[in-house]
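All of these numbers come straight from a predicted model, not from anything done at the bench. For ligands, and for the atoms within them, numbers begin at 1 and follow the listed sequence.
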Amino acid sequence: MDEDRDDEAEDREDETGSDDDDGGPAGLRAGDEIEVEITALGSHGDGIGEHDGRPVFVSHALPGDRVLAAVDAVERDRIRARWLELITPGPVRVEPPCPYFGPCGGCSLQHMALHDYRGWKRGLVVDILARNGFADTVIAPMIPGEPGERRRTAWKLRATARKAVVGYAEAGSRHVVDVEHCMLLVPELDALIGKLRRFMTAAGEGEAPMAAGDADRYPTPADFRDAHAEATDGGIDLVVTLARAPDGAGLQALAAFAETADLARISWRPEPEAAPEPVSSRGGKGRGGARRGPARGGPRAGSNPMIMAEPQVVVRRRPAFVHRGGVQVEPPPAGFAQATHAGEEALIGFVMGVFGSLAESGGTIGDFYAGSGTFALALAHRGAKVIAAEVEGPALDALTRAAAGAGLSDRVTIEPRDLMRWAPSARELGVLDGAVFDPPRAGARALVEELARSGVPLVAAISCNPVTFVRDARILAAAGYRLVRVMPVDQFLWSRHVELAAEFRLDPAAASARIQTGRDRVRDDPHAPPRGRRPGAASGNRPAGPASGPAGKARGTR
Ligand SMILES: C[S@@+](CC[C@H](N)C(=O)[O-])C[C@H]1O[C@@H](n2cnc3c(N)ncnc32)[C@H](O)[C@@H]1O
């Protein structure tokens, strides 16, 4: 699925020094064929063997396999090779349960026995922690993923001369594999694949209402780009990306499809555009520039932002609501949701395990990268005062409405904020009794650097990228935070992606040795909001610094 293909380069922490090299071992060149005995599985799911003293990475090969492979690249520290033939299968190899496995880039490890796959995936977390100074950390058994659990997905939509295509991209390619079913998905999402294909096909054949009497017949199958679908408690929430804005007939067709497929809500959005460099009206760049406005995210300096327009709701037949920590919330179309209900429950359970008694005693907890409130609502429901910081305005609007609906408004303070560009300072964070952060794959370095100086005693981290997690964890550890326990979670079954939840406690010795930093300074500050009160409300004290980012909306979430 989309998550399984992104960020290939970003987190290849084990791939430094891999420049191409002319001379391979014994003159090995790209295209040469070699036999390799696979002894391990790498963090990207490639089988690893050895040739002439150098590691060889062979895609799709598994430990114990003996394979014939073609060399793709000879690099300074490794050889990359493409699988040609299985000479002898290893003991962990099984028949993949899905007929699309191989061509479809959605899953990469269905051919590995589930037990071994799960051991490998948990081992990724164990290994990276051990290699980064956290060998003593307690690592819980992994919360396993199961087929039929994935409650959100993004399909690629294409049209060929003969048919409409609904599916997933091939690994490392733009080609889309047409699928009838996906066994990862909850049944209602799986059933939507065929309905969506029929809808696109009907558009092409002039059978759909959108085509009736409309010379331009919009949208045609070729205008569909992708679809984001989430199974909510109210029904499916579908967002289609289209190459052009639908006209009246197109909107009617989308509404009719929502009726036929019994969707809760259907929206459309245009294709994303590359963001221009932020330019100041005075000729400067960035922060003081013309794009400054209410916090909605926006292009981040040095990133590769694609501006995603807000989806426009065509019809909302029922509320597309979900329950989070006992509170009902209706996230915005295509808003972030944890990929599986079981995964979300496990993560909320972990966070409540860390902060439960603090919440019950009315402590103040920051939820950073809060989305529409998965943790904030659960914590507030339990009694905490929560400051929820997030860049996406629509997610915060949903969180605000949900808090109001549950009578929790007085416990939830919303903080629209781009946390990568304008992380709250250690001093601002010092009012908190606890903090949870759940960033995108890039991690939360700017926030963590401030947290490390803040003196906040209890911190929970949720991460979808162990590489950026250990980077951030080392910053906290260097400041005296002990990584108490980690819980791996498999929300992306049969992929290389693993999530984790972690608990950090500030070492009492480090806390008492702290000389007038963050928390201590704030306690001494007569203008600081008293602990246990709602910052930004009674005291009027809002965390300093710009709470607004450039206009527009850049997406970079998992
Ligand atoms: C992994 S999601 C977690 C959301 C939420 N904790 C949940 O479990 O539903 C990451 C969140 O970070 C937000 N985000 C991404 N970049 C951000 C930034 N620069 N500043 C603040 N929030 C950001 C996304 O909008 C998204 O809601």
Side-chain angles (χ1 to χ4, degrees), residues 3 6-7 151-152 230 232 275 294-308 310 322-325 327 329-341 343-352 365-380 386-399 402 412 414-424 435-448 450 460-465 468-469 472 489 491-492 497 499-501 543 545-550 552-558:
E3 292 85 358
D6 61 8
D7 310 314
R151 65 176 180 188
R152 68 166 160 90
E230 182 183 343
T232 74
R296 280 294 170 102
R300 293 183 286 281
S303 68
N304 175 29
M306 292 298 285
I307 300 291
M308 303 284 284
E310 294 298 346
V322 290
H323 284 96
R324 289 179 175 161
V327 179
V329 53
E330 185 174 9
F336 177 85
Q338 299 291 346
T340 69
H341 180 69
E344 178 173 280
E345 291 287 297
L347 294 174
I348 292 176
F350 186 94
V351 169
M352 297 317 288
I365 301 171
D367 179 4
F368 298 99
Y369 299 94
S372 51
T374 302
F375 306 120
L377 290 169
L379 289 165
V386 181
I387 300 173
E390 156 69 46
V391 77
E392 296 281 352
L396 288 174
D397 293 345
L399 170 49
V412 178
I414 300 295
E415 177 67 15
R417 194 156 191 147
D418 184 329
L419 292 163
M420 301 207 183
R421 298 180 74 166
W422 296 308
V436 53
F437 61 91
D438 180 14
R441 293 184 63 76
R445 177 182 268 161
L447 172 72
V448 165
E450 296 300 321
I462 312 296
S463 169
C464 57
N465 185 348
T468 53
F469 169 76
D472 294 346
V489 180
Q491 294 202 79
F492 296 101
H497 290 282
E499 315 221 334
L500 60 86
S548 60
K553 177 175 166 182
R555 287 260 161 108
T557 59
R558 68 189 184 212

For ligand 1 and [X], I'd like to know whether there is a polar contact (N/O to N/O, distance under 3.5 Å).
| X | value |
| --- | --- |
| Pro439 | no |
| Thr374 | yes |
| Asp438 | yes |
| Leu419 | yes |

Q. Which value, rounded to the nearest 0.5 Å, describes the distance between Ser463 atom OG and Glu499 atom CD?
A. 8.0 Å
Q: Mind checking the CD-CG spacing from Glu392 to Leu399? Nearest 0.5 Å is all I need.
A: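 Answer for the CD-CG pair, Glu392 versus Leu399, is 13.0 Å.
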Tell me the contacting part of [X] for ligand 1: side chain, backbone, both, or neither, using a 4.0 Å heavy-atom threshold, strictly below.
| X | value |
| --- | --- |
| Ala389 | neither |
| Glu392 | side chain |
| Phe368 | neither |
| Arg421 | neither |

Return the option from [options] holding the heavy atom at the smallest distance from [atom].
| atom | options | value |
| --- | --- | --- |
| atom 2 (S) of ligand 1 | Trp422, Phe336, Phe375 | Phe336 |
| atom 26 (C) of ligand 1 | Glu344, Glu499, Glu390 | Glu390 |
| atom 22 (N) of ligand 1 | Leu399, Val322, Val391 | Val391 |

Q) Which of these, Asp367, Leu419, Val448, sits in a side chain to side chain contact (heavy atoms under 4.5 Å, CB included) with Phe437? A) Val448
Q: Could you tell me which residues satisfy salt bridge (charged side-chain N to carboxylate O under 4.0 Å, His left out) with Glu330, sequence neighbours excluded, listed by chain and number?
A: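 Result, salt bridge (charged side-chain N to carboxylate O under 4.0 Å, His left out) vs Glu330: Arg265, Arg316.
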Q | For Glu344, all residues meeting salt bridge (charged side-chain N to carboxylate O under 4.0 Å, His left out), sequence neighbours excluded | A | Arg151, Arg324
(Q) Treating Thr232 as the side-chain partner and Val322 as the backbone partner, does any N or O pair qualify as donor plus acceptor under 3.5 Å? (A) no
**Q.** Side chain Glu390, main chain Gly371, donor-acceptor under 3.5 Å
**A.** yes
Q) Can Ala395 be said to touch ligand 1, with heavy atoms closer than 4.0 Å? A) no
(Q) Could you check whether any heavy atom of Arg324 sits closer than 4.0 Å to an atom of ligand 1, since that is the contact criterion I want to use? (A)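 False for this residue.
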